[in-house]
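Along the sequence shown, residues carry numbers from 1. Just so you know, these numbers use all the heavy atoms, side chains as well, and skip hydrogens, waters and symmetry mates.
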Amino acid sequence: MEQRDVLVVLFEGVQSLDVTGPLEVFTGAALRAPGAYPVRTASLDGTPVRTSSGLTLTPDLRLSDAAPPHTLLVPGGRGTRTPDPRLVVWLRANAPQARRKVAVCTGAFLLAAAGLLDGRRATTHWTRCDALAAGFPAVRVDPEPIYVRDGDVATSAGVTAGIDLALALVEEDLGRDLALDVARHLVVFLRRPGNQTQFSAQLAAQTADRRPLRDVQQWITENPAADLSVETLADRAGLSPRHFARAFRAEVGMTPGRYVDRVRLEAARRLLEDTADGVEGISRRCGYGTPEAMRRAFTRTLGAAPAEYRRRFRPASPPPFG
């Protein structure tokens, strides 16, 4: 079996879950495939670092003493906003020697500062995508996916998306069955697709300032199968359709139609993951009307038809305790 050693970079202000989430995935896989993932952690001086939550992490070695790894993992955290210049220099000189470069959350800023994302498609935490695009124009920032692969570089969205990316890498290296076994052990949903949006419709959108528009947002969420045309929603808000559409976009950050599409897709995803209801029934309950309309929405946004989405991402029944 090929050894794919993993080197995790530590620094002051690192986000602890960006480190421990992927680390648990790789070490969990190594328990099932001994020797598959030797994991080491390293800081610039080999000294302990304090995470953004106050937890202290003790590295295994200094970065200067680390041999080029198969997989270099760069986590995020507040420390990426004003990184030690020595860390950027080390990444620029040494990261290209790793066969796989992985950034979790705002770790993408460190790879970008080292020039490793130039000309590549990448993502990061949704709140920092604009900053990444503005600070590094050579990077093609995509704010939607939970993770992105571009050649030998992979970047993920915030925090728990690093677990999704690590599971995807384990599946690529060691197969689907082992990756799913690790996911079940960690009590996480089966691996989400990389092109799944990294936030819910409600989180992606802003909350409207005016009470009537906020009430409409809530009503849409609670009634995805209702008539959600602009005319109907405007009537609920007590506004003309034209005024409603303009005010909704200004205060929510997207058109009413886009918001409705996201709410319906999210509702359908949850029913596919959490129930055994048929696709036809779910399509009606979520306002699609027909299974074909729902299939088109899933394929366009998630890259998988509803039946395939359920097969891949609905949690399997856990094994009996013994």
Please step through side-chain contact (heavy atoms from CB on, under 4.5 Å) for the pair Asp84 and Phe11, ending with a clear verdict. CA-CA 8 Å; Asp84 189 319; Phe11 49 87; over 6 Å; no
How many angstroms lie between CZ in Arg4 and CZ in Arg99, if you round to the nearest 0.5 Å? 7.5 Å
Are side-chain heavy atoms of Val8 and Phe26 found at a separation under 4.5 Å? no
Distance (rounded to the nearest 0.5 Å) between Glu292 CD and Ser283 OG: 10.5 Å
Quick one: does Phe248's side chain get under 4.5 Å of Thr255's, heavy atoms only? no
Hey, mind stepping through Asp177 and Arg32 against side-chain contact (heavy atoms from CB on, under 4.5 Å) and telling me if it holds? CA-CA 11 Å; Asp177 290 344; Arg32 293 157 176 79; over 6 Å; no
If we ignore hydrogens and angles and just use 3.5 Å, is the side chain of Arg310 paired with the main-chain N or O of Thr275 as donor and acceptor? yes
Looking at Glu266 and Arg269, does any basic side-chain N land under 4.0 Å from a carboxylate oxygen? no
Which heavy-atom pair separates Ala208 from Val252 by the least distance, and what is that distance? CB-CG2, 4.1 Å
I'd like to check Arg128 versus Arg81 (side-chain heavy atoms, cut-off strictly below 4.5 Å). Are they in contact? yes
Taking Asp277 as the fixed residue, which of Arg285, Arg270, Arg284 is the one that meets the salt bridge (Lys or Arg N to Asp or Glu O under 4.0 Å) rule? Arg285
Could you tell me the separation between the CG atom of Asp5 and the OG1 atom of Thr71, rounded to the nearest 0.5 Å? 7.5 Å
Answer whether the closest heavy-atom distance between the side chains of Leu239 and Pro212 falls below 4.5 Å. no
Answer yes or no: is there an ion pair linking Asp150 with Arg121, defined by an N-O contact shorter than 4.0 Å? no
Take atom CG in Asp65; do more than 12 heavy atoms of anything else shown fall under 6.0 Å from it? yes
Atom pair CG/OG of Asp235 and Ser229 - distance to nearest 0.5 Å: 9.5 Å
Is it true that Thr80 and Thr106 share a donor-acceptor pair across their side chains at a distance under 3.5 Å? yes
Counting only heavy atoms from other residues, nucleotides and ligands, does the tally under 6.0 Å from CZ of Arg246 exceed 12? yes
Which heavy atom in Met294 sits nearest to a heavy atom in Leu272, and how many Å separate them? CE-CD1, 4.3 Å
Does any non-hydrogen side-chain atom of Tyr309 lie less than 4.5 Å from one of Leu302? yes
Taking side chain as C-beta onward, heavy atoms only, is Tyr37 less than 4.5 Å from Thr27? no
If you compare all heavy atoms of Ala112 against all heavy atoms of Val139, which two are closest, and at what distance to 0.1 Å? CB-CG2, 4.3 Å
Among Val104, Ile146, Val102, exactly one meets side chain to side chain contact (heavy atoms under 4.5 Å, CB included) together with Ser156. Which residue is that? Val104
Verify same cluster id: Leu186, Leu169 (apolar side-chain graph, 4.5 Å): yes
Please evaluate residues Arg264 and Leu228 with respect to the criterion side-chain contact (heavy atoms from CB on, under 4.5 Å), reporting the C-alpha separation (whole Å), side-chain torsions for both, the decisive distance (0.1 Å), and the verdict. CA-CA 10 Å; Arg264 283 176 168 162; Leu228 300 180; 3.6 Å; yes
Can you get from Val14 to Leu55 by hopping between Ile, Leu, Val, Met, Phe, Trp and Tyr side chains that sit under 4.5 Å apart? yes
Cluster check Val25, Leu178: I/L/V/M/F/W/Y, side chain < 4.5 angstrom: yes
Between the CZ atom in Arg92 and the CG atom in Leu87, the distance rounded to the nearest 0.5 Å is 10.5 Å
As an exercise, state the distance from CG of Leu233 to CD of Gln217, rounded to the nearest 0.5 Å. 10.5 Å
Do any N or O atoms from the side chain of Glu12 and from the backbone of Arg50 form a donor-acceptor pair under 3.5 angstrom? yes
Are Arg149 and Glu172 within salt-bridge range, i.e. N to O under 4.0 Å? yes
Could you state whether Val88 and Val49 fall into the same hydrophobic cluster, counting links through intermediate Ile, Leu, Val, Met, Phe, Trp or Tyr residues with side-chain heavy atoms under 4.5 angstrom apart? no
Quick one: does Leu213's side chain get under 4.5 Å of Asp209's, heavy atoms only? no
Between Ala108 and Ala103, what is the shortest heavy-atom contact and its length? N-CB, 3.5 Å
Val148 and Arg140: side-chain contact (heavy atoms from CB on, under 4.5 Å), yes or no, with the steps? CA-CA 11 Å; Val148 168; Arg140 293 182 286 118; over 6 Å; no
Do Arg86 and Asp45 meet the salt-bridge criterion of a basic N to acidic O distance under 4.0 Å? yes
What are the two closest non-hydrogen atoms of Tyr288 and Asp261, and how far apart are they? OH-O, 4.2 Å
For residues Asp173 and Arg100, determine if any side-chain heavy atom of one lies less than 4.5 Å from a side-chain heavy atom of the other. yes
Thr41 side chain to Asp60 backbone, donor-acceptor under 3.5 Å: yes
Give me the atom names and distance for the closest heavy-atom approach of Pro68 to Gln97. CG-OE1, 3.3 Å
